[in-house]
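These notes are about the structure you will find just below.
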Amino acid sequence: MTDTATTSTPRANDGGSPVARPERVTHAHVRDIALPAGAGTLALVTLDNDLDQTKPTSFGPTGLAELRTALLALQRRAADGEIVAVALTGKPGYLAAGADLTAAALVTAESDARAFGELGHAAFRLLGEMSVPTFAYINGVALGGGFEIALHCTYRTVSGDVTALALPETFLGLVPGWGGCYLLPQLVGVRRALEVILTRPAANNRMTDAAGALELGCADALFHPADFLEQSIVWTAEVLAGRVRVARSELEGAHEWDAIVTGARAHLDRRLHGSRPAPYRALDLVAAARTSDRDTAFAAEEDALTELLMSDGLRASLYAFDLSTRRARKPAGAPADDLAQDVLTVGIVGAGLMAGQLAVLISRRLRVPVVLREIDEERVAAGLEGVRALVGDLVTRGRVTPDEANRILSSISVSTDLTSLADADLVIEAVTEDLELKQRVFAELEDVVTADAILATNTSALSVTEMSKHLRHPERVVGLHFFNPVAQMPLVEVVRTSVSSDEAVATAFAIAKKLRKTAVGVVDRPGFVVNRLLLRMLAEVAAAVEGGTPVQVADIALRPLGLPMGPFALLALVKLPVALYVLEALHAELGARFPLSPGLDRLQREGRRVTSEPDGHGSEQSVDPAIQEVFGEADGPTALDGAGVLDAVLAGLTEEIGLMLEEGVVGSADQIDLCMILGAGWPLHLGGISPYLDRTGYSARVLGRRLLREGVASLPAR
Ligand SMILES: NC(=O)c1ccc[n+]([C@@H]2O[C@H](COP(=O)([O-])OP(=O)(O)OC[C@H]3O[C@@H](n4cnc5c(N)ncnc54)[C@H](O)[C@@H]3O)[C@@H](O)[C@H]2O)c1
C-alpha cells in the first residue's frame with residue numbers, strides 16, 4: 001500500500017443512541033361488542049397511543065404493563081363466562097409498529113434488557129392462554145412486536161390495504177423475541193418462517209402485504225378495508241359457531257425441518273461469514289421451535305434478546321437505523337424548500353444504462369414527460385428498447401399495472417434532436433464519463449434550454465465545477481449523483497459547486513425527495529463521498545495485490561466487516577472500465593493515495609472477468625484465481641495476510657474521511673456515515689463508518705501517525 005501525505009481528523013460523533021424522548025404510551029382500550037345472532041360478547045382491545053396519525057403505536061414498558069393488566073382482566077371475564085372471544089386491533093393505519101426502539105436504545109443494564117424481553121412475553125402470551133379464542137384484526141402496519149402480538153392470537157384477519165407486515169428484527173441486530181421465533185414456525189412451518197424472519201429482512205427489509213400474508217399462512221382471512229372491522233367481527237362469529245373452519249397447512253417433519261435449518265445456516269455462512277450474531281441466534285431459536293415447549297422457547301428468546309440488547313452491535317445498529325430513517329428525512333445543508341423550481345418536463349442527455357433507469361423512475365414518481373437525447377438512431381433504438389425492458393420487468397414483478405406501464409412508456413421519448421430538450425425545466429446529463437464531452441454537452445444545452453432551466457450531471461467522479469466553468473450561467477449547474485441500480489439504491493448525492501445557486505440546489509433536493517431518495521448535500525470534490533471511499537478501499541486492495549498479496553487472500557480480507565460483497569465482486573458489479581475511469585479521475589485529482597493499478601489495467605485491456613461464475617447456490621461471487629498471473633507471482637516480501645489487508649483498508653478509509661471533513665465535502669461525519677450506509681451498503685451493525693473507526697481505534701491511530709510526522713502545528717484548528 002502507498003502511505004503518503006496527510007492526515008486524519010478526529011470527529012465529534014459519539015455513534016450514540018437516538019435522542020431520548022419519553023415513551024409514547026400505547027394504551028389498550030377495551031370495549032364490548034355484541035356478536036351477531038346473539039352469539040355472545042366479544043371484547044375488542046384497540047391499541048392506540050391517542051396521538052395523531054403520524055405517530056405510530058409502539059410498545060414500551062408502560063404500555064406493555066397496561067396491556068397486560070387489560071388482558072388479565074379479560075382472562076378473568078372469559079373464565080367467568082362473560083365474554084366468548086377477545087379480539088385485538090389498532091388505531092387507523094397501524095396494528096402496532098413494534099418495540100419502542102428509543103426505549104431499547106436506552107437499555108444499559110442487563111437486568112433492564114431481560115425485563116424488556118419478559119415484559120413483552122408476559123403481556124402477549126395472555127392472548128394465547130385465554131380460555132376463549134382470540135383474534136387479531138390486522139388493520140394496518142404490523143412490524144416486529146406489532147406482528148408478534150398477532151401471532152399469539154388463535155386467528156388472524158388482515159385488511160386488504162395492509163402493505164407493511166414484517167419481522168425486521170434481524171435486519172436491526174435483534175431477534176423476534178416476543179414470541180415470533182417460536183410461534184411463527186409453529187404456525188406456518190420452518191421454511192416460511194425463515195422467509196419472514198431471515199430472508200426478507202436481508203433483502204433490504206422487504207415487507208409482506210395482505211395478500212402475501214394470506215399466502216404465507218400468517219393470516220387466515222382477508223377483508224376489504226372499507227368494512228374490515230365489521231367483516232372481521234362477522235367472520236369471528238362464524239368461526240365461533242363452527243360454520244367457518246380455518247385450515248392450517250401441515251408443518252414439515254423432523255427430517256425436513258432439520259434439513260431446511262442446515263441449508264439456511266450454510267446460506268448465512270456464505271453471506272455473512274459469522275460477521276454478526278442476530279441472524280444466527282434467530283435461526284437457532286426457529287430450529288428449536290419444532291420440539292420446544294412454550295416456556296422453554298420464550299425463555300430462550302429472552303436470553304437471546306438480553307444478549308443482543310446489551311451488545312455494541314445493537315447500539316451501533318440503532319444509531320445507523322435512526323440516522324438512515326428519521327434523521328435522513330431532514331437533509332443537512334439543503335436550502336429552503338420554497339426556493340425549489342417547478343419541474344414539469346425533464347430532459348436527459350444520453351439513453352444508456354443510467355439514463356434509461358432515470359427516465360423510468362422520473363416518469364413513475366414525478367409523472368411528467370421525460371425527453372431523452374442520443375447521438376444516433378441506433379442508440380435511440382437501443383435506449384428505447386432498454387426503457388421497454390425496464391417497464392416490462394416492473395409489470396412482470398407486479399410493481400406497476402399494465403395501464404401504468406403504458407402511461408410510463410407514452411411519457412418517455414428518445415430522439416437525436418437536441419432541441420427536443422428545449423422545454424425541459426431540468427436536464428440531467430448522463431453521457432459517457434468524459435470531462436470534455438460533458439463540457440460540450442452543457443455548452444450545447446445552454447443554447448437551447450430556457451433561461452431558468454436547471455442543468456444537472458450524473459457524473460460519478462468528475463469535477464462539476466470544471467464541467468460548467470465555461471458556461472454563461474454556471475450557477476444553474478448542480479450534480480445529481482444517482483447510484484446503479486437507480487430504482488433500488490436509496491441515495492442521491494446532491495453536488496454543489498462554489499457558484500451553484502440556492503434555487504438549483506433546492507430543486508435538486510426537491511427532485512430527490514419526490515423520487516423517494518435520501519439526498520445528502522456534498523461539495524464538489526472528486527468522487528464526492530461514496531465513490532471516493534469505495535475507490536480508496538479498492539485502491540488499497542489493489543495495492544496489496546500489486547505488492548504480492550495473493551488475490552484470494554485479498555478477496556476475503558474484508559469479510560469480518562460483513563459488507564454486502566467482497567472487493568472483486570464489487571469491481572465486477574460496477575464493471576472494471578467504470579471503476580478504472582473513476583480511479584483515474586481520483587488519481588489525477590487526489591494523487592498517490594489512489595495509485596493506478598497496472599494489473600487492473602491489464603485485466604481491462606484483455607477483457608477478462610475478475611470473478612468466477614456464481615455457483616448458483618446464493619454464494620457471493622469471488623475472485624477468479626486465474627487473474628493472479630496478471631499481478632505476477634504472489635507472496636513476495638511485501639505480501640500482506642488478510643488481517644494486514646483489512647488494516648490497510650481501514651487505515652486508508654480513516655485517513656480519507658479525515659481529509660474529506662477537512663475539505664468540507666460534507667458538514668459532519670454523520671453525513672459520511674449516512675452516505676456509506678445508503679450508497680455502499682455499510683452494515684447497520686457496524687453503526688456508521690466513522691463511529692466504527694473511532695471505536696476500533698483507527699481514528700486515534702491515524703491521527704497519532706500524523707502528529708508524529710507533521711507535528712501538532714499542522715493540525716487544523718477545531
Ligand atoms: N454505470 C454506473 O454504474 C453509473 C453509476 C452512477 C453514475 N454513472 C454515471 O452516469 C453517466 C452515464 O453512465 P452510463 O453507465 O449510463 O453510461 P452508458 O455508456 O451506458 O451511456 C452513456 C450514453 O451516452 C451517450 N452519449 C455520448 N455522447 C452523447 C451526446 N453528446 N449526446 C447524447 N448522448 C450521448 C452514449 O451514446 C451512451 O449511450 C456517467 O457519467 C457515469 O459516470 C454511472
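All values below come from the heavy atoms of this structure, side chains included, with hydrogens, waters and symmetry mates left out. Atoms within each ligand, like the ligands themselves, are counted from 1 in listed order.
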Could you find the nearest protein heavy atom to [atom] and give me its residue, atom name and distance?
| atom | result |
| --- | --- |
| atom 3 (O) of ligand 1 | N484 CB, 3.2 Å |
| atom 36 (C) of ligand 1 | E374 OE2, 3.5 Å |
| atom 21 (O) of ligand 1 | G352 CA, 3.4 Å |
| atom 33 (C) of ligand 1 | R373 O, 3.3 Å |

For the side chain of R373 and the backbone of D417, is there at least one donor-acceptor N/O pair under 3.5 Å apart? no
Distance-only, no hydrogens or angles: does the K513 side chain make a donor-acceptor pair with backbone N or O of T518 under 3.5 Å? no
Per side chain to side chain contact (heavy atoms under 4.5 Å, CB included), V492 is matched among L678, L480, V520 by L480
Knowing that exactly one of T654, L686, V702 qualifies, which makes a side chain to side chain contact (heavy atoms under 4.5 Å, CB included) with L693? T654
Heavy atoms only: which of [options] is nearest to [atom]?
| atom | options | value |
| --- | --- | --- |
| atom 10 (O) of ligand 1 | L480, N458, T457 | N458 |
| atom 6 (C) of ligand 1 | Y581, F482, F483 | F482 |
| atom 40 (C) of ligand 1 | T432, V431, L353 | V431 |

Show the nearest heavy-atom pair for residues F631 and V551, with the distance to one decimal. CD1-CG1, 3.9 Å
Under a 4.0 angstrom heavy-atom cut-off, which atoms of ligand 1 come close to [X]?
| X | value |
| --- | --- |
| S460 | 6 (C), 7 (C), 8 (N), 9 (C), 42 (C), 43 (O), 44 (C) |
| V349 | 32 (N), 33 (C) |
| V441 | 31 (N) |
| R379 | 36 (C), 37 (O) |
| T459 | 41 (O) |
| G350 | 24 (O), 33 (C), 34 (N) |
| K438 | 40 (C), 41 (O) |
| A430 | 11 (C), 12 (C), 22 (C), 24 (O) |

Under 4.0 Å from ligand 1, counting heavy atoms only, is it the side chain of [X], its backbone, both or neither?
| X | result |
| --- | --- |
| K575 | neither |
| M354 | both |
| L437 | side chain |

Might you confirm whether atom CG of D337 has over 12 heavy atoms from other residues, nucleotides or ligands at distances under 6.0 Å? no
Heavy-atom count around R516 CZ within 6.0 Å, excluding the residue itself: above 12? no
Should R440 and E436 count as an ion pair when the cut-off is N to O under 4.0 Å? no
Would a search of protein heavy atoms around atom 19 (O) of ligand 1 find one under 4.0 Å away? no
Any protein heavy atom < 4.0 Å from atom 8 (N) of ligand 1: yes
Is H481 in polar range of ligand 1, meaning some N or O pair under 3.5 Å apart? no
Do D670 and S668 pass the side-chain hydrogen bond (donor to acceptor under 3.5 Å, both in side chains) test, and can you show the C-alpha distance, the side-chain angles, and the key distance before you say yes or no? CA-CA 6 Å; D670 60 356; S668 55; 2.5 Å; yes
Option from E433, K438, E429, H481 for which side chain to side chain donor-acceptor pair (under 3.5 Å) with T459 holds: E433
Could a heavy atom of I375 be found less than 4.0 Å from some atom of ligand 1? yes
Would you tabulate the side-chain donor-acceptor contacts of residues 355-368 under 3.5 Å, counting partners in other chains and residues two or more places apart, or write 'none'?
residue	atom	partner	partner atom	Å
Q357	OE1	V486	N	2.9
Q357	NE2	L353	O	3.1
Q357	NE2	N484	OD1	3.0
S363	OG	S411	OG	2.6
R367	NH1	E404	OE2	3.4

Using the side-chain hydrogen bond (donor to acceptor under 3.5 Å, both in side chains) rule, take D555 and S622 through it: C-alpha gap first, then chi angles, then the decisive distance, then the call. CA-CA 7 Å; D555 192 39; S622 50; 4.6 Å; no
List the steps and the verdict of side-chain hydrogen bond (donor to acceptor under 3.5 Å, both in side chains) for Q341 and T507. CA-CA 6 Å; Q341 293 178 194; T507 307; 5.0 Å; no
